[in-house]
Amino acid sequence: MSILDSFVKEFNETYNKTTEIEYEEGLFGDIKRIKDKLLDEKFHPSIQLKNILDKQIRRSRYPMEVAITGQFSSGKSTFLNALLSRNILPTGITPVTSKVNFINYADEYKLKITYYSGAHEYAPIESIAAFTDQREHEMADIKYLTLYAPMDILKDISFVDTPGLNSQSQSDTDTTRRVLRDVGGIIWLTLIDNAGKMSEAEVLEEYMEHFKNKSLCVLNQKDKFTEEQIQTTTNYIKNKFSKYFSQVTPISAKLALESRAAHKDILVETQQEELIKNFKKDLRENKINTLKSFEQEFNKYKDAIDKINAVDNTDNTKLLEESNIQEVLDFIENTIRPQAAEAKEYAIKKDLKGICDILVKEYETIIGVYDSLCEILTSAENDILEAFDNIHKTYSKELFTIYNSLESIMEKMAHETFKNVKKQKAYRYEEKSGFLSKDSFEKIEYETYWIDSDNVYKKLFYDDQTIDKMFKRAIKQLKEVELASDEAFRNVYREIKQRIHRWQEPYELIKKHREIASDSEFSTTRHFAAKVYENVLRSFHRAILENISALRKKFAYFNGALSYSYIQTTQATIAHFEQQITESITLYEKEPARFNIYHPREDEILTKLKANFGFEKIEDFLTSKRNYLYKIIQYSKNQYLEINKDRIEFVSSKKATYLNKIEDLKSIKDEI
């Protein structure tokens with residue numbers, strides 16, 4: 001192995017290691033895998049997409065949410081305090097809870113107030129009444145409250161305390177309805193003596209019909225009634241409201257709160273929380289220099305724990321059993337939790353599929369931009385080819401008119417020259433034959449011809465300037481055709497340009513429809529539209545300019561030919577025929593029986609004039625079915641088709657990139 005090969009191998013082993021990411025089992029791992037795929041750089045993901053996927057990750061870790069709801073004054077806050085074993089939420093006889101309260105786990109007690117503006121602030125938990133009690137404070141700007149507490153039950157369950165479904169505020173009722181739809185479980189709290197009344201039946205029918213599988217009906221204040229009364233009411237509610245609840249459980253929230261708040265475990269936990277709270281406070285205030293300085297506080301804590309453990313808890317345990325709160329906890333654990341986990345997984349995966357669908361839809365929007373451009377380029381073909389053909393049809397007629405004008409000039413010049421072919425007498429000498437005519441010659445008269453060139457020039461050029469004017473008119477007409485055909489070629493390009501600019505206008509400002517779509521992809525699309533001249537039009541423009549240039553060169557050549565001195569052409573023609581006459585005289589005088597004196601015909605003069613003038617090329621340019629204009633048009637059409645095909649393929653290649661991304665997104669969706 002060479003040194004270079006060895007170096008390459010070492011480099012690859014060191015820097016190009018590919019390690020496959022391992023994802024944990026379960027919902028969290030599935031979401032993380034999908035998130036990583038959707039955030040692949042090839043999709044140029046947006047910040048909003050990353051945020052919503054992070055939200056799904058957090059959502060998978062969220063504790064199960066259980067909503068506490070019911071009609072007002074049913075003891076919801078007292079019941080929730082019993083579940084938490086703390087007298088945290090304010091209670092009263094009026095609709096106290098006017099905002100949704102989310103009760104979540106944290107290392108310390110605190111209250112977070114979230115406003116409709118998006119702002120939030122924190123407050124001591126003791127001030128919660130000021131933000132929830134309608135009797136205390138006007139709270140129009142508050143959206144919801146989050147109460148944090150260091151309680152083990154909140155690690156697995158997040159409680160949602162709602163305003164109720166027959167609150168005096170319609171907005172409170174609407175808020176509660178949304179909460180019930182999204183939570184994992186619902187505890188409907190009602191007073192035993194109110195249960196089953198018409199007002200409650202109407203509320204249940206309106207709001208609770210679709211939530212039976214996750215709903216528990218709790219009949220509160222069982223401590224006020226006999227066992228027989230409790231059982232009768234419970235059976236009645238089970239029969240009457242069976243389509244709304246999976247289970248009906250009578251409880252006493254008051255007894256539950258008293259017993260749970262006084263339970264040894266809760267009292268010990270409270271002392272621990274107080275000890276830790278004071279320790280952290282002293283640390284912040286620099287009151288603790290050594291552990292010894294904390295010893296006094298710790299000893300107080302130990303004394304308090306000893307006293308708690310010394311107390312007989314038998315009556316308290318009996319009170320807890322009598323409250324029947326454990327049956328509620330069992331329902332949460334055994335019925336709500338499994339269904340909530342399944343529902344949450346279904347909802348998250350449904351949302352992830354929805355995200356894939358949105359991204360596909362946005363890519364389809366971008367593809368539509370390129371599709372519409374391809375459609376314009378394709379649909380324009382027939383019109384552009386017809387426009388080229390119309391140039392040939394229109395200006396071929398005008399060129400033929402110019403040709404007729406030039407031919408008239410040639411005929412006029414030939415006719416005038418022919419008119420000035422004049423006769424004149426000439427003599428030749430012929431040796432006499434016979435004995436007596438020895439050494440004697442006979443003078444013989446004959447008729448020959450000459451061309452009165454001075455008169456020709458005078459008639460054609462000097463006295464009458466008709467020929468000059470006719471030539472100038474033909475040159476002017478040719479120039480007009482050149483300029484008009486030039487403009488016609490430019491109009492063909494303008495037609496292409498106009499169609500593409502109409503396409504460009506909306507798309508150079510195109511924006512994504514959904515927030516999670518890629519900003520970069522839409523920016524690239526806008527940039528493509530803004531640079532449509534460079535991307536598409538420039539090739540057409542260059543081709544048109546090249547063809548105009550070629551046509552101009554040909555027109556310039558013929559303009560030069562027509563501007564050439566027609567007097568000199570006439571002189572050359574006359575000189576030619578004078579030479580022909582002279583040569584015929586010589587031949588005639590030598591052999592009169594064999595040769596005749598040459599007399600030029602008018603058609604011969606015309607032919608020679610055209611030859612000297614280079615008229616064959618002019619005729620080919622102006623009148624041939626495959627004249628130069630025709631050739632330029634055919635070349636332009638073929639060139640246009642070639643460029644159009646190339647540009648369509650180029651635009652389609654842009655589209656192909658997004659089609660591949662759509663296929664990738666569909667594959668990701670299929671994995672969910």
Side-chain angles (χ1 to χ4, degrees), residues 66-85 87 89-97 159-168 173 176 180 185-209 211-212 214-262 315-332 334-336:
V66 176
I68 313 299
T69 191
Q71 295 181 291
F72 72 86
S73 300
S74 57
K76 293 197 309 304
S77 297
T78 302
F79 170 70
L80 197 48
N81 285 337
L83 289 178
L84 298 173
S85 307
N87 226 334
L89 296 173
T91 59
I93 59 172
T94 61
V96 172
T97 304
F159 290 106
V160 187
D161 187 19
T162 70
L165 286 169
N166 60 346
S167 169
Q168 296 173 358
T173 299
T176 301
L180 298 184
I186 300 170
I187 295 177
W188 175 270
L189 196 67
T190 185
L191 300 178
I192 289 182
D193 55 350
N194 285 335
K197 289 185 177 180
M198 183 63 68
S199 60
E200 188 169 54
E202 290 173 353
V203 172
L204 289 171
E205 185 175 359
E206 184 175 358
Y207 299 110
M208 295 290 291
E209 188 173 359
F211 304 133
K212 174 181 177 179
K214 63 178 181 180
S215 298
L216 166 69
C217 179
V218 173
L219 306 177
N220 195 13
Q221 296 185 350
K222 70 185 282 289
D223 55 294
K224 294 182 179 181
F225 301 93
T226 64
E227 189 62 35
E228 183 181 353
Q229 289 173 320
I230 294 170
Q231 195 61 45
T232 299
T233 303
T234 301
N235 291 335
Y236 170 73
I237 297 300
K238 282 182 180 179
N239 292 329
K240 184 173 183 179
F241 294 148
S242 60
K243 65 179 180 179
Y244 304 122
F245 304 112
S246 289
Q247 182 175 313
V248 179
T249 299
I251 69 153
S252 170
K254 177 185 174 184
L255 295 180
L257 178 59
E258 289 176 5
S259 62
R260 285 173 65 81
D315 291 340
N316 188 57
T317 302
K318 185 178 179 182
L319 201 63
L320 181 63
E321 290 176 359
E322 189 178 336
S323 74
N324 204 32
I325 195 72
Q326 187 60 43
E327 193 171 319
V328 175
L329 296 173
D330 290 343
F331 182 85
I332 292 173
N334 301 325
T335 301
I336 293 178

Exercise. Please examine the side chains of I68 and W188, heavy atoms only from C-beta on, and report whether any two atoms are closer than 4.5 Å.
Key: no
Quiz item: When you check the side-chain N and O atoms of Q229 and T226, is any donor under 3.5 Å from an acceptor?
Solution: yes
Quiz item: Say you draw a straight line from NZ of K238 to SG of C217; how long is it, rounded to the nearest 0.5 Å?
Solution: 10.5 Å
Quiz item: What distance do L80 atom CG and F159 atom CZ have between them, rounded to the nearest 0.5 Å?
Solution: 6.5 Å
Quiz prompt | Beyond-backbone contact of V248 with L219, side-chain heavy atoms, under 4.5 angstrom | solution = yes
Quiz prompt | Distance-minimising heavy-atom pair for I251 and N324 | solution = CG2-O, 3.6 Å
Quiz item: Is it true that the side chains of S323 and S252 contain a donor and an acceptor less than 3.5 Å apart?
Solution: no
Practice problem: Name the orientation class of the two ring planes belonging to F241 and F245 (parallel below 30°, tilted from 30 to 60°, perpendicular beyond 60°). | Solution: perpendicular
Quiz item: Any side-chain heavy atom of I186 sitting closer than 4.5 Å to one from L216?
Solution: no
Quiz prompt | Rounded distance (nearest 0.5 Å) linking atom CD of E202 with atom CD of E206 | solution = 9.0 Å
Quiz item: What is the distance from atom CD1 of I237 to atom OG1 of T232, rounded to the nearest 0.5 Å?
Solution: 11.5 Å
Quiz item: Side chains of T69 and V160: closer than 4.5 Å at any heavy-atom pair?
Solution: no
Self-check item: K222 (side chain) donor-acceptor with I230 (main chain) under 3.5 angstrom
Solution: no
Quiz item: Does atom NZ of K214 have more than 12 heavy-atom neighbours from other groups under 6.0 Å away?
Solution: yes
Quiz item: Which distance, rounded to the nearest 0.5 Å, do you find between the CG of L257 and the CD1 of I325?
Solution: 9.5 Å
Exercise. Using a 4.5 Å cut-off on heavy atoms from C-beta on, say whether the side chain of Q326 contacts that of L320.
Key: no
Exercise. State, yes or no, whether a side-chain contact exists between N220 and I192 at a heavy-atom distance under 4.5 Å.
Key: no
Self-check item: Atom CD of E205: over 12 foreign heavy atoms under 6.0 Å
Solution: no
Quiz item: Under the ring-ring contact (aromatic ring centres under 6.0 Å, His included) test, which residues partner F211, sequence neighbours left out?
Solution: none
Exercise. For residues Q221 and L191, determine if any side-chain heavy atom of one lies less than 4.5 Å from a side-chain heavy atom of the other.
Key: yes
Quiz item: Is the count of non-hydrogen atoms from other residues, nucleotides or ligands lying under 6.0 Å from K224 atom NZ greater than 12?
Solution: no
Quiz item: Taking atom CD of Q247 and atom CZ of F331, what is their separation to the nearest 0.5 Å?
Solution: 5.5 Å
Self-check item: Any donor-acceptor pair under 3.5 Å from T249 side chain to E327 backbone
Solution: no
Quiz item: So do the side chains of I187 and F79 get within less than 4.5 Å of each other, counting heavy atoms only?
Solution: yes
Quiz item: Nearest heavy-atom pair of T233 and A195: which atoms, and what distance?
Solution: CG2-CB, 4.4 Å
